[in-house]
Structure formats: structure tokens, C-alpha cells
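Working notes, structure below.
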Amino acid sequence: MSMEVEKYIASGILELYVAGALTPEQNLEVQHYALQYPEIQKEIEGIEASILKLTESTSPKMQGNGFRKISAELDDIIPFTPLESRRKTSWGNYVGWAASILLAVGLFWLYSENRNLQSEVEISNQEKLDLEETLSTTKDAIARKDFILEQLRNQNVSVIALGGQAVSPTSYAKVYWNKEQNSVIIDAQGLPEPPSGYTYQVWSLTLDPLTPTSIGLLDNLSDEGDKLFALENSNASEAFGITLEPEGGSESPTLEQLYALGTVGR
């Protein structure tokens, strides 16, 4: 390599050429020397490669199909026009295009991070709502059990045992009746799970004449782990009976489906 070529390369003009900072006349001069001296052409290519490497190292990491994703997301933001020729369009425009790609990558990364953050916030909010609902359900269950326990321990409670009847001799139940508070606790542990479409209905009975009055349903028997149901009863009951009825209950008991019966004070 001649001294003149070395001085020309060391002058810094090639870096300005690659950056697009020279005048048209100076660009022609560099191109002329590049054709004449392979060393100059090689130096230009080395500078270009260094810039490309720098561009790659400063861009956020992404998968091989990342540019297609960016193009789909940002097509209306940064138009892309392919270069017709390295020499017809100055390298400064190519650097500008590379900067635009860097900006696009950055915008896409920020957009993705923001979308992921929003998803995480939505999940956290839903988890919070689920937890609040669970806590509310747990509090209701505890309050219910405390109420039932208080009723069972009340000294004014009468306990009426209900024995199985012809349709189900092995069935049984207990009634805890507080006359002063007009409340009844039904322990349905001894009743079989009702078939689909049916439920148990509790009746207050007067015996002479026999007059049944419904005091409630034992809905969702299988869902109540303790099989305890709190009902109201302001009747002058002489007996209690439990029958199997269609869902929603009946106006009068189906005596053929009488599962348990017990008399007060017996």
C-alpha cells in the first residue's frame, strides 16, 4: 500500500463518506479512488460492516420473525422503501433507515412490554377479586356455623327425632326447635341424597285434624357438608315430617314420599 493511499485512508474522509457527510463532488472523488485502489474499497466495506455490527448490538433481542411482527404492528408509523442501489442512494440515507429500524424495534419492544404489563395487572385484579369472593364466602360460612351452633346450644331448644318411614325405613333426621325465636334447625345427615329434579321439603304438622304447613326446602343437600339447615317456624307444631318433592316444592305433602316423621314431646 502506497503512502498516499495510507494517508488518504487515515484522513477520516472515508468515515465521512460512509456517514453521507460529503458533498456530491467529494463523493465522486472517493468513489473514483475506491475503483482505482482496492485498499480504499476494502476500508469502506470495513466501515460499513462496523456500523451494521453496532446497529445489531444496540437493538433489543428478538426472534427471527421479529421484523415481520414489527412491520405488522408499525406499518403505518414507519414506511419502508427498499434501496435501489448502494451508490444511487447515499449511505447517509441507509444510516437513517437503520436508525428508523432501531426506533421501530424500540417502539415495538415498549408496546409489547406495556401490553404484557397490562395483562399482568388484569390478572392481578382478577386474582384479587377471586380472593375477596373466597374471603366473603368463608366469612358467610363461619357466620352460618356460629349461628347454628348458638341455636343448638340454646337452653330453650327442643329436640325432635324423626324416624324413617315406609318409603325409606333407614332414613332419619333431627329437628332443633326454638319456640321463643320461631327458629328450626334441621339435621338432615340421615337422609339419602335426593334424585335429580327433586328436593326434600319440611312440614310442620298439627294432628287433629291433620294439617301440614310447609316451613322450607332442604335444597342443595349434597353441597352442605354438615347437612344442617336453618328454617323459620312460627306454627304451633305437634309433629314434623320430611317428604321428597319436585324441585321448588309442593303445596301439600306427597305422603307416598314421606321419608321421616316425628312427634313433638314424644
Side-chain angles (χ1 to χ4, degrees), residues 126 128-266:
Q126 185 59 49
K128 180 181 177 181
L129 291 175
D130 292 341
L131 180 58
E132 290 177 348
E133 183 177 354
T134 300
L135 290 175
S136 177
T137 301
T138 302
K139 288 180 180 178
D140 291 343
I142 293 174
R144 170 183 172 276
K145 288 183 180 295
D146 289 344
F147 170 77
I148 289 177
L149 185 60
E150 181 182 352
Q151 293 297 312
L152 295 179
R153 289 175 172 174
N154 193 296
Q155 62 180 356
N156 297 317
V157 168
S158 300
V159 182
I160 301 97
L162 278 58
Q165 302 300 299
V167 69
S168 181
T170 59
S171 294
Y172 64 91
K174 284 186 179 180
V175 176
Y176 299 86
W177 181 24
N178 189 325
K179 295 181 181 180
E180 292 185 358
Q181 297 182 9
N182 294 327
S183 65
V184 166
I185 304 296
I186 306 295
D187 182 355
Q189 187 67 42
L191 296 177
E193 185 173 340
S196 178
Y198 288 85
T199 188
Y200 289 110
Q201 189 165 359
V202 183
W203 306 89
S204 166
L205 305 171
T206 55
L207 301 178
D208 189 19
L210 180 60
T211 305
T213 303
S214 175
I215 62 172
L217 304 175
L218 307 183
D219 287 333
N220 303 318
L221 182 67
S222 59
D223 294 337
E224 295 294 342
D226 53 21
K227 301 293 190 295
L228 296 174
F229 295 84
L231 305 174
E232 292 185 2
N233 178 41
S234 59
N235 302 291
S237 305
E238 297 178 321
F240 292 92
I242 300 177
T243 60
L244 183 68
E245 305 291 344
E247 285 184 349
S250 302
E251 293 184 2
S252 59
T254 303
L255 297 180
E256 296 81 3
Q257 296 296 321
L258 180 63
Y259 272 67
L261 177 66
T263 303
V264 176
R266 182 176 177 180

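Count residues from 1 along the sequence.
The OG atom of S237 sits 8.0 Å away from the CD1 atom of I160 when rounded to the nearest 0.5 Å. Atom CD1 of residue I215 and atom CZ of residue F229 lie 12.5 Å apart, to the nearest 0.5 angstrom. The NZ atom of K179 sits 5.0 Å away from atom OG of S158, with the distance rounded to the nearest 0.5 Å. Remark: I186 CD1 to L217 CG distance equals 11.5 Å, nearest 0.5 Å.
P212 and L210 make their closest contact through CD-O, 3.9 Å (heavy atoms, listed as atom of the first residue, atom of the second, distance).
In this structure the side chain of L162 reaches within 4.5 angstrom of the side chain of I242, judged on heavy atoms. Side-chain contact between V175 and I185: absent, with no pair of heavy atoms (C-beta onward) separated by less than 4.5 Å. The closest side-chain heavy-atom distance from Q165 to L261 is below 4.5 Å. Here the side chains of D130 and Q126 are in contact, with some heavy-atom distance below 4.5 Å.
Listed by chain and number, the residues in a side-chain contact (heavy atoms from CB on, under 4.5 Å) with S214 are Q201, W203 (sequence neighbours excluded).
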Open item on the list: What verdict does the side chain to side chain donor-acceptor pair (under 3.5 Å) test give for E245 and T243, after you've listed the backbone C-alpha separation in whole Å, the side-chain angles of each residue and the deciding distance to 0.1 Å?
Closed with: CA-CA 6 Å; E245 305 291 344; T243 60; 2.7 Å; yes
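With E238 contributing its side chain and L207 its backbone, the two residues share a donor-acceptor pair below 3.5 Å. Of the possible donor and acceptor atoms, one in the side chain of T211 sits under 3.5 Å from a partner among the backbone N and O of P209.
With no hydrogens or angles considered, a side-chain donor-acceptor pair links N156 and E180 at under 3.5 Å.
Of the options N233, V202, V157, N235, a side-chain contact (heavy atoms from CB on, under 4.5 Å) to V184 is made by N233 and by none of the others.
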Report all side-chain donor-acceptor pairs from residues 187-199 shorter than 3.5 Å, counting only partners two or more places apart or in another chain.
unit_1: D187; atom_1: OD1; unit_2: Q189; atom_2: N; d: 3.2
unit_1: T199; atom_1: OG1; unit_2: L218; atom_2: O; d: 3.4
unit_1: T199; atom_1: OG1; unit_2: D219; atom_2: OD1; d: 2.9

